Amino acid sequence: MSDRVLIFDTTLRDGEQSPGIALDSDDKVAIANQLAELGVDIIEAGFPISSDGDFAAVQRIAREVRGPIITGLARCGITEDIERAWEAVQDADRPRIHVFLATSAIHMEHKLRMTEEQVLDAVLDGVSLARSLCEDIEFSPEDGSRSDIDFMIRVCLTAVEAGATTINIPDTVGYGTPTDYGARIKRVVAEVKGDRADIVISTHCHNDLGLAVANALAAVENGARQVEVAVNGIGERAGNTALEEIVMALNTRADHYQVETGIDTTHLYPASRLVARLTGYPVQYNKAVVGRNAFAHESGIHQHGVLRERTTYEIMDPSAVGQDASKLVLGKHSGRAAFGDALKALDINLEDEDFESAFARFKELADRKGEIGEEGLLAIVHDQVDLSDAVHFLGWHATGRDNEAEATVTVERDGVKESFSASGDGMVHSIFAALRKAFELEARLLDYRVEPVSLGADAMAEVSVLVQLRERTFTGTGSSTDIVEASARSFTSALNKAARASAF
Ligand code: KIV
Ligand code: ZN
């Protein structure tokens with residue numbers, strides 16, 4: 001084969017722009033390390049000007065994560081944005097600045113209030129400034145798919161003249177279809193890249209019509225050699241091109257696309273699980289590649305076929321995407337070494353203190369339940385105490401049912417143990433009321449979901465909540481063998497995020 005398609009991951013920037021996702025910098029570094037392990041070529045770590053927290057996370061990733069190019073986003077016409085992005089990424093081995101400015105008539109008239117000439121000037125100035133700071137510059141004409149194509153190409157040529165070497169054409173609102181978006185990319189490849197080997201044309205597709213992956217594939221067929229993606233397809237509104245879907249489409253149908261990526265596909269499933277847990281965005285059961293049912297066969301005819309020959313009904317091998325049926329089961333007699341080996345097999349590295357606290361929780365749960373499988377171990381690791389949390393959940397007690405329940409929660413704040421009690425309609429409601437008192441936050445519960453962590457011996461439950469504090473929303477997840485406790489843990493995790501955000 002064949003040409004290489006670069007995988008540009010924007011889980012931590014566009015993905016994090018999904019409502020309710022509030023990753024802290026430890027979460028972001030954990031995801032970035034997993035992305036590096038997966039073999040992505042570029043990590044878009046955030047939008048440094050958007051907040052001090054985002055800036056700090058991008059800077060940590062640039063300093064700590066090795067392998068991929070690390071980039072930060074900046075608005076093209078704004079000097080402060082570009083300088084802030086550079087400050088955040090400059091310590092990476094291979095930094096990039098990604099600048100964007102809208103080129104569609106709708107955006108120029110209503111959002112930017114700029115004329116075509118003003119946009120051209122801003123792109124020349126912005127890309128030149130970025131290029132004076134950093135060798136690797138990407139430019140995106142925002143809302144590219146709805147822009148007048150001749151004007152958009154003039155803008156892209158201006159960006160190249162000013163020093164950009166990656167030109168990314170966003171389908172910002174998911175309006176494109178494979179045929180028209182593909183044709184647009186074909187013109188950009190012919191007229192902006194031409195015969196320059198150093199210019200890469202990129203694709204960034206949103207999923208408003210469910211066409212993000214199809215549009216990105218059409219772009220590849222027409223010469224795009226970078227695809228912008230997010231794990232599990234998260235992102236603004238209906239999300240972005242799903243990393244796992246595009247990679248497996250290019251991989252499984254290499255006969256057709258004749259390209260390759262640098263992704264180690266066996267890490268796709270662990271990456272999907274990590275992002276789902278840390279963002280609190282669940283993966284739908286029938287999601288391609290990483291959904292729980294992606295390799296499950298229900299009909300007797302299908303089961304019979306697969307037992308005889310897997311390829312009768314499977315076009316991908318589950319083990320190729322890290323979805324092989326788990327054989328990992330630990331019990332209450334498993335020691336530190338077995339626990340450590342199991343974590344290693346799941347791509348998880350924990351330092352001393354984190355390891356000890358995860359091991360203690362594993363022992364507590366294994367004593368109650370007997371056996372803990374792979375999903376249970378992942379849940380334990382995710383639920384670990386985060387030292388930056390203001391309030392740590394220690395325990396609970398609740399009695400009663402329906403509208404007569406009473407609950408007490410015990411928490412630790414600043415090294416001091418305290419208990420708070422409240423009553424409510426049922427145990428979960430009263431636990432949440434007690435936790436609101438502990439945090440002194442009047443957060444509103446918007447969504448509450450319970451899922452079994454696994455269907456096997458370790459029947460733990462994972463609870464996900466979405467809470468609102470003033471105009472912002474926060475997700476939290478928690479797991480336990482007891483639904484009330486899992487609920488308390490998830491609410492504590494969301495309220496800690498809300499408390500952190502309201503401290504700024
Ligand atoms: O969707 C979009 O247009 C973007 C750009 C900033 C690349 O996310
Ligand atoms: Zn986007």
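If you read the sequence from its start, that first residue is 1, and numbering goes on from there. From a predicted model like this one, the values you see are computed outputs, not experimental measurements. Counting convention: from 1, in listed order, for ligands and their atoms alike. The figures here come from the full heavy-atom set of this structure, side chains too, leaving out hydrogens, waters and symmetry mates.
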Check your understanding: Can you find an N or O of T172 that's nearer than 3.5 Å to an N or O of ligand 1?
Key -> yes
Check your understanding: Is it true that the side chains of H206 and N215 contain a donor and an acceptor less than 3.5 Å apart?
Key -> no
Point to revise | Polar atom proximity, H206 to ligand 1 (N or O, under 3.5 Å) | key: yes
**Study point:** Contact atoms of ligand 1, heavy-atom distance to E142 under 4.0 Å
**Key:** 3 (O)
Point to revise | Nearest heavy atoms of R131 and G163, plus distance in Å | key: CD-O, 3.4 Å
Review point. Ligand 1 and H98, any nitrogen or oxygen pair closer than 3.5 angstrom?
Key: no
Practice item. Say whether Q59 and E87, considering side chains only, have a donor N or O and an acceptor N or O under 3.5 Å apart. Key: no
Check your understanding: Quick one: which ligand 1 atoms are inside 4.0 Å of a heavy atom on P170?
Key -> 2 (C), 3 (O)
Point to revise | Atom name, H204 (N, O or S, nearest to the Zn ion (ligand 2)) | key: NE2
Check your understanding: Should you measure from each heavy atom of D14, which atoms of ligand 1 turn up under 4.0 Å away?
Key -> 8 (O)
Revision key, fill the gap. Counting heavy atoms under 4.0 Å, the part of R13 that contacts ligand 1 is side chain
Point to revise | Angular separation of D14 OD2 and H206 NE2 about the Zn ion (ligand 2), given to 10° | key: 100°
Point to revise | Presence of salt bridge, E142 and K111, under 4.0 angstrom | key: yes
Exercise for review: Keeping the roles fixed (side chain from Q284, backbone from G291), state whether a donor-acceptor pair exists under 3.5 Å.
Suggested key: no
Check your understanding: Salt-bridged, R187 to D150, with N to O below 4.0 Å?
Key -> yes
Exercise for review: Just need the protein heavy atom nearest to atom 4 (C) of ligand 1, so name the residue and atom and give the distance.
Suggested key: H204 NE2, 3.5 Å
**Study point:** Cationic tip of R292 above Y285 ring, under 6.0 Å, 45° of axis
**Key:** yes
